[in-house]
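Quick notes on the structure that follows.
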Amino acid sequence: EMAGCQNATIDHSTSNHFWLRQVSNIKDKNKELLQGNLISQLRQSINNNEFIKIWMKLALFINREDVIVAKLSGIPPSAYKDKEIRELIGFAYYRVGDIEKAQEFIEDIETPNADNIRGNINLAKNKLELAFGHFKLALQKKKNSKNALERGIPLAYLLGQWDEGLNMLQRTVDRNSDQDERK
């Protein structure tokens with residue numbers, strides 16, 4: 001399957017299928033990759049923003065956000081102008097518990113992920129209305145945001161936002177499923 005995928009997408013890959021190969025390595029339980037050793041080594045070869053994004057996404061995918069935070073000083077200053085890279089850095093800081101730095105990196109970014117991070121931060125501070133607002137914003141940008149739905153539905157109940165909660169619940173129903181037939 002991997003060879004077929006590589007052949008079908010070779011003209012469109014900007015990274016020589018780096019992501020695909022690493023996911024295959026994860027499937028094969030490559031210990032170097034899973035421990036983050038390879039992630040650290042790969043950082044040395046990063047020379048463009050697209051590769052930096054793939055490297056960061058891979059580290060986040062295997063829960064090695066600590067490697068991102070530890071290696072940030074090696075990222076070229078020009079990369080910090082890229083909003084997607086800043087969003088990934090913010091997400092890494094959020095995961096390691098540095099909320100202030102996470103907020104700094106995502107403050108001017110208006111994406112579903114950034115809204116979900118802001119929602120999670122407000123949820124942790126027990127600012128339920130603010131959190132709910134951020135999850136609703138995320139859903140305006142991505143109508144099926146799993147993170148926003150998973151947090152927004154219980155908040156709708158807690159805040160008595162019945163119509164909003166129902167709307168969110170309806171988004172979680174898989175329209176292609178046979179749930180209606182199970183009644």
For this session: Answer yes or no: does atom OH of Tyr157 have more than 12 heavy-atom neighbours from other residues, nucleotides or ligands under 6.0 Å?
Result: no
Problem set entry | Distance-minimising heavy-atom pair for Lys142 and Pro112 | CB-CG, 3.7 Å
Exercise. What distance do Glu110 atom CD and Asp115 atom CG have between them, rounded to the nearest 0.5 Å?
Worked result: 5.5 Å
Exercise. Would Leu130 and Ile117 show up in the same hydrophobic cluster when neighbours are defined by side-chain heavy atoms closer than 4.5 Å?
Worked result: no
Exercise. Any chance the side chains of Asn116 and Arg151 put a donor and an acceptor closer than 3.5 Å?
Worked result: no
Seminar exercise, completed: Here the pair of heavy atoms bringing Pro76 nearest to Ile52 is CD-CD1, 3.8 Å
For this session: For side-chain contact (heavy atoms from CB on, under 4.5 Å), just list the numbers for Val69 and Asp66, CA-CA rounded to whole Å, side-chain angles, deciding distance to a tenth of an Å, and then say yes or no.
Result: CA-CA 5 Å; Val69 172; Asp66 58 314; 5.8 Å; no
Exercise. For the residue pair Phe135 and Ala148, what are the closest heavy atoms and their distance?
Worked result: O-CB, 3.6 Å
For this session: Measure the acute angle between the ring planes of Tyr93 and Phe105, then classify it against the limits of 30° and 60° as parallel, tilted or perpendicular.
Result: parallel
Exercise. What about Ile121 and Leu155, same hydrophobic cluster or not, with Ile/Leu/Val/Met/Phe/Trp/Tyr joined at side-chain heavy-atom distances under 4.5 Å?
Worked result: no
For this session: State the CG-NZ distance between Asn113 and Lys141, to the nearest 0.5 angstrom.
Result: 10.5 Å
Exercise. Does atom CG of Asn144 have more than 12 heavy-atom neighbours from other groups under 6.0 Å away?
Worked result: yes
Exercise. So Arg118 and Asn122, side-chain hydrogen bond (donor to acceptor under 3.5 Å, both in side chains) or not? Walk me through it.
Worked result: CA-CA 6 Å; Arg118 284 189 277 272; Asn122 283 299; over 6 Å; no
Problem set entry | Heavy-atom pair with the smallest gap, counting every atom of Gly165 and Ala156 | CA-CB, 3.4 Å
For this session: Output, in order, the C-alpha distance, side-chain angles, deciding distance and verdict of side-chain contact (heavy atoms from CB on, under 4.5 Å) for Met56 and Leu72.
Result: CA-CA 10 Å; Met56 288 183 173; Leu72 282 177; 4.1 Å; yes
For this session: Determine, stepwise, if the pair Ile68 / Leu88 fulfils side-chain contact (heavy atoms from CB on, under 4.5 Å).
Result: CA-CA 9 Å; Ile68 295 173; Leu88 292 165; 5.9 Å; no
Exercise. With hydrophobic residues grouped by side-chain heavy-atom distances under 4.5 Å, do Ile89 and Ile109 end up in a single group?
Worked result: no
For this session: Answer yes or no: does atom CD of Glu100 have more than 12 heavy-atom neighbours from other residues, nucleotides or ligands under 6.0 Å?
Result: no
Problem set entry | Residues Glu104, Lys101: salt bridge by 4.0 Å N-O rule | no
For this session: To the nearest 0.5 angstrom, please state how far the CG atom of Asn167 sits from the CD1 atom of Ile153.
Result: 9.5 Å
Exercise. Would Leu128 end up clustered with Ile99 when hydrophobic side chains under 4.5 Å apart are linked, directly or stepwise?
Worked result: no
Seminar exercise, completed: Separation between NZ (Lys125) and CG (Asn120), nearest 0.5 Å, reads 12.0 Å
Exercise. Should Met168 and Leu137 be counted in the same cluster of Ile, Leu, Val, Met, Phe, Trp and Tyr side chains packed under 4.5 Å apart?
Worked result: no
Seminar exercise, completed: Residues Ile75 and Tyr80: closest non-hydrogen pair is O-CE1, 4.0 Å
For this session: Show your working on side-chain contact (heavy atoms from CB on, under 4.5 Å) between Asp82 and Lys53 and close with a plain yes or no.
Result: CA-CA 10 Å; Asp82 187 303; Lys53 291 174 196 176; 3.1 Å; yes
